[in-house]
Amino acid sequence: MTHLQTGLSPETIEKARLELNENPDVLHQDIQQVRDMIITRPDIGFLRTDDAFILRFLRARKFHQADAFRLLAQYFQYRQLNLDMFKNFKADDPGIKRALIDGFPGVLEKRDHYGRKILLLFAANWDQSRNSFIDILRAILLSLEVLIEDQELQINGFILIIDWSNFSFKQASKLTPSILKLAIEGLQDSFPARFGGVHFVNQPWYIHALYTLIKPFLKDKTRKRIFLHGNNLNSLHQLIHPECLPSEFGGTLPPYDMGTWARTLLGPDYSDENDYTHTSYNAMHVKHSSSNLERECSPKLMKRSQSVVEPGMLKQEELGESENTQLLLALD
């Protein structure tokens with residue numbers, strides 16, 4: 001075992017070998033071959049190229065070196081093309097902080113039976129007068145930066161559950177194709193994480209229509225890992241065991257406390273007015289200007305759905321043309 005695998009359990013090392021083609025005997029050579037490709041992209045500023053950093057890209061692409069380098073290049077290119085998103089890219093940035101405190105994203109402490117970290121998004125809690133979609137996306141990307149430092153998660157990956165209960169058509173109309181494309185580029189195309197599944201629950205018809213709009217931006221592998229459960233939590237439980245889930249999703253755990261992950265990133269006094277010294281992740285080679293933090297609301301539990309369970313789920317193909325047209329007009 002190389003020092004780059006220090007801290008990994010024997011089971012995880014074996015999983016990396018079987019599923020990701022990770023070979024400790026040639027790990028350094030694999031990393032160096034990716035590093036040697038950097039000279040082919042002088043247009044990109046590769047701000048970090050150490051062994052541990054490159055390794056996460058190899059793991060995300062199952063040690064296909066060309067694919068790993070392409071992902072590494074896209075990671076930094078995405079940041080170059082969206083400089084404003086990554087200014088003051090830390091947990092105590094006011095916009096990111098508001099999103100974190102409002103539960104974007106939620107992160108469960110308990111992992112699933114495959115060792116994957118479970119992220120939650122309660123869509124209806126998006127107060128559009130308080131949080132921009134961009135700040136929510138920044139908070140998600142920052143959270144992933146923190147989590148991906150864990151080598152176990154580099155190998156086991158993540159699951160995302162989005163609960164659309166009580167998410168209004170008016171809220172959905174703010175999800176324009178351009179900002180959704182920005183999110184897809186940041187998560188699917190430019191981040192070294194393995195997503196084992198994206199699960200929609202309690203989604204209304206217009207979310208199906210929205211999904212139809214974004215499908216062209218999704219890779220085939222991503223499409224196969226998006227599951228539309230509707231109100232059928234049994235189908236969710238077939239993929240994620242109830243003992244891993246909070247009660248909002250029919251699980252055996254207590255209701256999710258939206259302040260859990262915010263407290264992890266900001267420290268125990270995260271709602272205090274003073275500057276926070278506990279920040280788990282600091283953007284690489286970025287100069288941050290100091291700013292006064294805003295007073296935030298105290299932690300509260302996420303809204304729980306009161307929707308009635310309906311048998312089955314609406315299939316995307318069942319959407320009428322008029323519904324798609326209606327949504328397109330709203331998103332224009």
Side-chain angles (χ1 to χ4, degrees), residues 1-10 12-17 19-83 85-93 96 115-117 138-158 185-195 264-265 277-288:
M1 181 181 73
T2 173
H3 76 277
L4 290 170
Q5 295 177 317
T6 301
L8 291 175
S9 67
T12 304
I13 291 174
E14 179 65 7
K15 181 177 183 178
R17 184 184 71 83
E19 295 185 11
L20 306 183
N21 306 305
E22 184 168 328
N23 183 350
D25 295 333
V26 295
L27 205 55
H28 289 282
Q29 294 95 308
D30 290 334
I31 291 169
Q32 188 58 46
Q33 288 189 35
V34 172
R35 189 183 288 116
D36 288 343
M37 297 179 194
I38 289 174
I39 195 173
T40 66
R41 293 298 305 270
D43 57 311
I44 295 176
F46 292 88
L47 302 180
R48 184 177 171 187
T49 59
D50 58 275
D51 287 358
F53 187 70
I54 291 177
L55 177 56
R56 65 185 65 171
F57 291 86
L58 280 163
R59 286 170 170 163
R61 291 297 180 262
K62 296 187 176 182
F63 279 79
H64 295 293
Q65 294 162 6
D67 291 344
F69 173 71
R70 188 176 300 111
L71 180 61
L72 176 67
Q74 289 170 336
Y75 174 91
F76 285 113
Q77 186 175 45
Y78 183 78
R79 280 148 181 75
Q80 286 181 196
L81 294 175
N82 302 284
L83 286 174
M85 284 180 57
F86 296 95
K87 288 180 180 177
N88 204 38
F89 189 55
K90 53 184 181 179
D92 57 8
D93 170 81
I96 293 177
R116 300 176 295 193
K117 201 71 170 175
R138 293 172 73 218
I140 293 171
L141 288 171
L142 177 66
S143 298
L144 287 171
E145 292 282 5
V146 174
L147 292 166
I148 206 65
E149 294 288 336
D150 185 336
Q151 289 203 74
E152 295 272 344
L153 295 180
Q154 292 174 21
I155 295 167
N156 293 327
F158 301 86
E185 289 173 348
L187 296 169
Q188 172 190 256
D189 303 325
S190 308
F191 196 84
R194 305 183 67 208
F195 285 97
T264 299
L265 293 190
T277 57
H278 178 90
T279 301
S280 300
Y281 175 80
N282 197 13
M284 300 165 298
H285 302 276
V286 178
K287 294 180 180 179
H288 302 305

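Just so it is clear, the model here is predicted, and its values are computed rather than measured.
Applying the side-chain hydrogen bond (donor to acceptor under 3.5 Å, both in side chains) criterion to Gln188, with sequence neighbours excluded, gives Thr222. Residues meeting the salt bridge (Lys or Arg N to Asp or Glu O under 4.0 Å) test with Asp25, sequence neighbours left out: none. In terms of the side chain to side chain contact (heavy atoms under 4.5 Å, CB included) criterion, residue partners of Gln80 (sequence neighbours excluded) are, by chain and number, Ile44. For Asp43, the side chain to side chain contact (heavy atoms under 4.5 Å, CB included) criterion is met by Arg41, Gln77, not counting sequence neighbours. Shown here are the salt bridge (Lys or Arg N to Asp or Glu O under 4.0 Å) partners of Arg56, two or more places apart in sequence or in another chain: Glu149. For Asp150, the salt bridge (Lys or Arg N to Asp or Glu O under 4.0 Å) test picks out Arg111, with sequence neighbours left out. Partners of Arg116 under the side-chain hydrogen bond (donor to acceptor under 3.5 Å, both in side chains) rule, at least two apart in sequence or in another chain, are Asp112. Looking at residues two or more places apart in sequence or on another chain, you find a side chain to side chain contact (heavy atoms under 4.5 Å, CB included) between Phe195 and Leu144, Phe158, Ala193. In this structure Asp36 satisfies the side-chain hydrogen bond (donor to acceptor under 3.5 Å, both in side chains) test together with Gln32, sequence neighbours excluded. Arg59 is linked by a salt bridge (Lys or Arg N to Asp or Glu O under 4.0 Å) to Glu22, counting only residues two or more places apart in sequence or in another chain. Partners of Thr49 by side chain to side chain contact (heavy atoms under 4.5 Å, CB included), not counting sequence neighbours, listed by chain and number: Arg35, Ile38, Phe46, Ile54.
The minimum heavy-atom distance between Pro24 and Gln5, with the atom names listed, is CB-OE1, 3.4 Å. When all heavy atoms are compared, the tightest approach of Phe89 to Arg138 is CE1-O, 3.4 Å. Heavy atoms only, all atoms of each residue included: Met85 and Leu141 are closest at CE-CD1, 3.9 Å. The minimum heavy-atom distance linking Leu147 with Leu153 is given by the pair O-CD1, 3.5 Å. The two residues Asn156 and Lys15 have their closest heavy-atom pair at OD1-NZ, 2.8 Å. Heavy atoms only, all atoms of each residue included: Glu152 and Thr12 are closest at OE1-OG1, 2.7 Å.
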Trace of the side-chain contact (heavy atoms from CB on, under 4.5 Å) decision for Leu187 with Ile140: CA-CA 9 Å; Leu187 296 169; Ile140 293 171; 4.2 Å; yes

Worked verdict on Phe63 versus Leu55 for side-chain contact (heavy atoms from CB on, under 4.5 Å): CA-CA 9 Å; Phe63 279 79; Leu55 177 56; 3.7 Å; yes

Audit row: Ile31, Leu4, side-chain contact (heavy atoms from CB on, under 4.5 Å) steps and yes/no: CA-CA 11 Å; Ile31 291 169; Leu4 290 170; 3.5 Å; yes

Residues His28, His3; criterion side-chain contact (heavy atoms from CB on, under 4.5 Å); working and verdict: CA-CA 10 Å; His28 289 282; His3 76 277; 3.5 Å; yes

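Side-chain atoms of Arg194 come within 3.5 Å of backbone N or O of Ile155 as a donor-acceptor pair.
The number of heavy atoms from other shown groups lying within 6.0 Å of CG (Leu83) is above 12.
Relative ring orientation between Phe191 and Tyr75 is described as tilted, the plane-to-plane angle lying within the 30° to 60° band.
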Show me the side-chain donor-acceptor pairs of residues 64-73 shorter than 3.5 Å, one per line, residues at least two apart or across chains.
residue	atom	partner	partner atom	Å
Gln65	NE2	Asp30	OD1	2.9
Asp67	OD1	Arg70	NH1	2.7

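By the 4.0 Å N-to-carboxylate-O rule, Glu145 lies close enough to Arg79 to be salt-bridged with it.
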